[in-house]
There are 2 protein chains.
Amino acid sequence: MTTEPTILIVDDEAAIRDMIGVALDTAGFNSMEAESALEAHVNIVDKRPDLVLLDWMLPGGSGIELARRLKREELTADIPIIMLTAKTSEDNKVQGLDVGVDDYVTKPFSPRELIARIKAVLRRSTGNLRDKPIRVFDLELDPASHRVTIEEKAVDMGPTEYRLLNFFMTHPEKVFSRDHIQDQVWGANVYLEERTVDVHIGRLRKALTSASNPGINYAGLIQTVRGAGYRFSTKPE
Amino acid sequence: MTTEPTILIVDDEAAIRDMIGVALDTAGFNSMEAESALEAHVNIVDKRPDLVLLDWMLPGGSGIELARRLKREELTADIPIIMLTAKTSEDNKVQGLDVGVDDYVTKPFSPRELIARIKAVLRRSTGNLRDKPIRVFDLELDPASHRVTIEEKAVDMGPTEYRLLNFFMTHPEKVFSRDHIQDQVWGANVYLEERTVDVHIGRLRKALTSASNPGINYAGLIQTVRGAGYRFSTKPE
DNA sequence: CCTACGCTTTACAGTCATTTAAAACAATCA
DNA sequence: TGATTGTTTTAAATGACTGTAAAGCGTAGG
């Protein structure tokens, strides 16, 4: 599954970093910390976080400088930045310091607001690219509408079966062990009984069957490979 | 809720902002101000003005940059922009229009000219995009009269439900998460309880149902996609 | 032909997402 | 101001989905 976004917190005060870190954790993000612009830059280049929370008032070479640098360099230009600033009114000299930052939050801020803004920015930066529909014969999976159809007629299935089918259709003609399927569909570090995968395979097949016309049975596309796992294949077994 | 259009003025000189602000007020527009590209961007995303007056020569040369960014991002791409520029040279015109700006006005300008151009741009953009009624079967939403009808008979609903339906009808056949819907219908960074969206969906469905004839239930067009969000679709679930 | 193993199916109880209803809160208008 | 209308929050009810365990099948290998 999609791993949680990683957020880099850049602030010189440990207390603030911690506070934010906790807020991010509870909201389900991964977080990293840096206390100087230099450290931050290294971290960003190395780890490529999904978003940077950057304190405006870093000692020495200020946060703005870092932001400008990040936005100028191609490698890092598309990593969204949210600035943390002290007070609105004072910082009205902010003007010339415009660097293409994606949003800013003024301290003090509520964790809730911060989280909301982070999510909004992430949504804006990543949400735009959605995949094209995948089609096999008359079976189509369309991520944009989050819908599976057979001959244009909707196939009813649960979220897990949808992810499962999505995984198979994007990786056709290959066998996958149950473990591998677990990692991809449920996410790593989720422990499940092995049989659980079978059960969901079963459910997916049932969904496909009950939506298939007599003629082709789309459940047959999901093939059992005895002793190895499962395979999505257009070729008959 | 036939509010006057809201115009965002982006200029670093307070005197100019005030001058324009007065002109807009007397012409019957609402106005907001921002003095930096950063502030402007945040305002635009949060408040979604109907038009942006953008100074070309913002410190840091970021006016153009902002325009480009706004036009690139889906969320803001259809907000018209009028550039304010001191220079008259042809280059600027070409460049500005390249970025996708809708019009430009060279300083110094008369308030009268500015108003005229604003109206022209608004007419054009609302005329092209927002003014035409959208129809699905016998359900029609007409932005011009701000009215929803089923088989020519008015459907009664609140403003929020109207915006919601408008959003759905202009983005059919796609799933949207609750967060995404919030961004589009309420404005980004308005943080609401997630369930609020559900409640309004519920009310919209109710409104559609009680206006539907036995036969078609238009509430069915708004489909719940469990674990993903909602979708407006003409295809049955 | 029997057994053992691996896969499939079913049933179920717990959990989680969505809906619904109602109350609290805001804004608007006379 | 009080009445009206619309919005948000909250909590409880509903219903769908999930993972597990156990029973049922089929098949390969003896």
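No hydrogens, no waters, no symmetry mates; every other heavy atom, side chains included, goes into these values. Chain identifiers are assigned alphabetically (A, B, ...) following the order of the sequence lines, protein sequences preceding nucleic acid strands; residue numbering begins at 1 within each chain. Everything numeric here is computed off the predicted structure, so don't read it as measured data.
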Hey, would you say the A:Tyr162 and A:His146 ring centroids sit under 6.0 Å apart?
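Between A:Tyr162 and A:His146, the centre distance is under 6.0 Å.
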For the side chain of [X] and the backbone of [Y], is there at least one donor-acceptor N/O pair under 3.5 Å apart?
X        : Y        : value
A:Arg135 : A:Glu140 : no
B:Gln184 : B:Ile181 : no
B:Thr196 : B:Leu192 : no

Would you mind building the protein contact string for nucleotides 13-20 of chain C? One character per nucleotide, 5' to 3', B for base within reach (heavy atoms under 4.0 Å), S for sugar-phosphate only, - for untouched.
----BBB-
Expressed as a whole number of angstroms, how long is the span from B:Arg203:CZ to C:dA22:P?
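After rounding, the reported distance stands at 14 Å.
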Can you tell me how far P of C:dT8 sits from CD1 of A:Ile222, to the nearest Å?
11 Å
Please determine whether a side-chain nitrogen of the Lys or Arg among A:Arg147 and A:Asp142 lies less than 4.0 Å from a carboxylate oxygen of the Asp or Glu.
no
For residues B:Val121 and B:Pro80, report the shortest heavy-atom separation together with the two atoms involved.
CG1-CB, 3.5 Å
Shortest non-hydrogen contact between B:Gln223 and B:Lys235, atoms and distance
NE2-O, 2.6 Å
Taking atom types as modelled, find out whether B:Thr224 and B:Arg205 have a side-chain donor-acceptor pair closer than 3.5 angstrom.
yes
Judged by each residue's nearest nucleotide on DNA chain D, which is more toward the 5′ side, B:Tyr191 or B:Met157?
B:Met157
First and last nucleotide of DNA chain D in contact with chain B, 5' to 3', at under 4.0 Å to a heavy atom: what are they?
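Range of nucleotides touched by chain B: D:dG6 to D:dC17.
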